[in-house]
Protein chains: 2
Amino acid sequence: MNIDRRSGCPINLSLEVFGDRWSLIILRDIIFGGRRHFRELLNGSMEGIASNILADRLKRLMELGMLTRADDPSHKQKAIYSLTEMAITLVPILAHLGAWGRVWLPVSEELSIRAELLEKGGPPMWDKFMNELRHEHLGASPAPSEPTVRATLQAGYDAVIARNARSIGCDPAP
Amino acid sequence: MNIDRRSGCPINLSLEVFGDRWSLIILRDIIFGGRRHFRELLNGSMEGIASNILADRLKRLMELGMLTRADDPSHKQKAIYSLTEMAITLVPILAHLGAWGRVWLPVSEELSIRAELLEKGGPPMWDKFMNELRHEHLGASPAPSEPTVRATLQAGYDAVIARNARSIGCDPAP
DNA sequence: GCAACTGATTGCAAATTGCAATCGGGTTGG
DNA sequence: CCAACCCGATTGCAATTTGCAATCAGTTGC
């Protein structure tokens, strides 16, 4: 569960934090998907994470200081997971990672539109997004101006879905 | 050995390429350490990779198109591993990763000086470095102008080592 | 009361990891 | 020529990690 400290190299230590198959996926779903609860992360995960792995990683990410956990006032058993500043500053890395994957890997169009928009938005968009996350998770920053980055990304995703649905005659609207 | 394709999400696919504890470490040693041979990677690895893991990851990285292998003309048994363009474009990601780790993780001073210099150099330095790597590994680009980025990073590292050695009375020079 | 839902936990088989020993071939020094 | 050494791996094995399915106890809505 704990970090190895194989060496003090920054890249090595970063890898020891999220150099596994699930930690960054979970953070991605929290950051871009806006998921805050265990079930949302479990069922919403495109990659089908197992519940024990999710529980383990959430605990680990909390120990590492990337997430915090709070009770949900609306439900005594629900927990709300929040990003810390440490996790929020991963946004540029995720943006780069998405951009790299889009170039070199067989990404699907629907799922890469967000990465494309984030790449085109560049650092100014990342900063705006990080401020929105700070507002949402840390309750600190001022309320973000509309439209939010997440809404913009989601709109792009929806547009692709709608376009593709129409082109194959599956438009849900008559 | 093969990639799962759990989903077509760029971040997920990127993670499936180097979301393990060793692949990026190997690439880091090739990129920043200038290592090209199996033994160099095996013995030079600060983190102590095992030979079977190294062999497995080199094979995997070749299958993924991140490395190529060529015979060393100077020694019939030696192999030279070269980065592909796909791997060279990881430089900005490694720079971000190093910068992030330097802020949030207990890095050691000697090992993080390179990350610091690379961070301060910013995208222009990354581009110069990538061109040097293209020259070195792909034999394509024009010869880099002196001093090379790798030499600059190494000089920074050596300076820290020398300074620390002096401060504790271990200066090798009399 | 009771079914559905909450965030997990447990048991278990399969895969992965890391370590040590070893391999066959090539090179080197004398 | 030959022994010693170096080369990029490979093998066997024990320990750990992973993923899946089933299950848990407490909470909520009805």
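We name chains A, B, ... by the order of the sequence lines, and we start the count at 1 in each one. As a basis for the values below, the full set of heavy atoms in this structure was taken, side chains included, without hydrogen atoms, waters or symmetry mates. Please read these numbers as outputs of a predicted model, since none were measured by experiment.
Distance CZ (B/Arg21) to P (C/dC19): 13 Å, rounded to an integer number of Å. Summarising the geometry, the separation between CG on A/Leu58 and C1' on C/dT9 is reported as 14 Å, rounded to the nearest angstrom. Atom P of nucleotide D/dT17 and atom CG of B/Asp20 are separated by 15 Å, given to the nearest angstrom. Rounded to whole Å, the distance from CG on B/Asp72 to C1' on D/dC6 is 13 Å. Atom-to-atom, CG of B/Asp56 to C1' of D/dG8 comes out at 14 Å; the value is rounded to the nearest Å. Going from atom CZ of B/Arg6 over to atom C1' of D/dT18 covers 12 Å, rounded to whole Å. Spacing between atom CD1 of A/Ile49 and atom P of C/dG7 amounts to 14 Å, rounded to whole angstrom units. Atom CE of A/Met62 and atom C1' of C/dG7 are 11 Å apart (whole Å).
Under the rule for a ring pair (Phe, Tyr, Trp, His ring centres under 6.0 Å), the partners of B/Trp126 that lie at least two apart in sequence or sit in another chain are B/His96. Listed by chain and number, the residues in a side-chain hydrogen bond (donor to acceptor under 3.5 Å, both in side chains) with A/Ser45 amount to none (sequence neighbours excluded). In terms of the side-chain hydrogen bond (donor to acceptor under 3.5 Å, both in side chains) criterion, B/Arg35 has no residue partners (sequence neighbours excluded). In this structure B/Ile161 satisfies the side chain to side chain contact (heavy atoms under 4.5 Å, CB included) test together with B/Glu110, B/Tyr157, sequence neighbours excluded. Residues satisfying the side chain to side chain contact (heavy atoms under 4.5 Å, CB included) test with A/Thr148, not counting sequence neighbours, are A/Glu132, A/Pro144, A/Glu146, A/Arg150, A/Ala151.
Checking D/dG8, C/dT17, D/dT18 against the side-chain heavy atoms of B/Ala79 singles out D/dG8 as nearest. Closest contact between the side chain of B/Lys76 and the listed nucleotides C/dT17, C/dT27, C/dT6 involves C/dT27. Among the nucleotides D/dG8, D/dG19, C/dT6, the one closest to the side chain of B/Arg69 is D/dG8. The listed nucleotides are D/dC7, C/dA21, D/dA21; the one nearest the side chain of A/Ser51 is D/dA21.
Between B/Arg36 and B/Ser82, the side chains place a donor N or O and an acceptor N or O closer than 3.5 Å (distance only, hydrogens not considered).
Nearest-nucleotide positions on DNA chain C for A/Asn52 and B/Arg57 put A/Asn52 closer to the 5' end. Both B/Lys78 and A/Pro73 sit near DNA chain D, but only B/Lys78 has its closest nucleotide nearer the 5' end.
Applying a 4.0 Å cut-off to non-hydrogen atoms, the residues of residues 36-43 of chain B that approach DNA chain D are B/His37, B/Phe38, B/Arg39, listed by residue number.
Side-chain contact between A/Met125 and A/Val149 is present, with heavy atoms from C-beta onward closer than 4.5 Å.
For A/Gln77 against C/dG7, no side-chain N or O and base N or O form a donor-acceptor pair under 3.5 Å.
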Between the protein and nucleotides 28-30 of chain C, which nitrogen or oxygen pairs come in under 3.5 angstrom?
none

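Under a 3.5 Å cut-off, the side chain of B/Thr84 and the backbone N or O of B/Gly65 do form a donor-acceptor pair.
The side chain of A/Trp22 contributes no N or O atom lying less than 4.0 Å from OP1 or OP2 of D/dT18.
The stretch residues 11-30 of chain B participates, sequence neighbours left out, in these ring pair (Phe, Tyr, Trp, His ring centres under 6.0 Å) pairs: A/Trp100-B/Phe18. For residues 28-54 of chain A, the pairs satisfying ring pair (Phe, Tyr, Trp, His ring centres under 6.0 Å) are A/Phe32-A/Phe129, with sequence neighbours left out.
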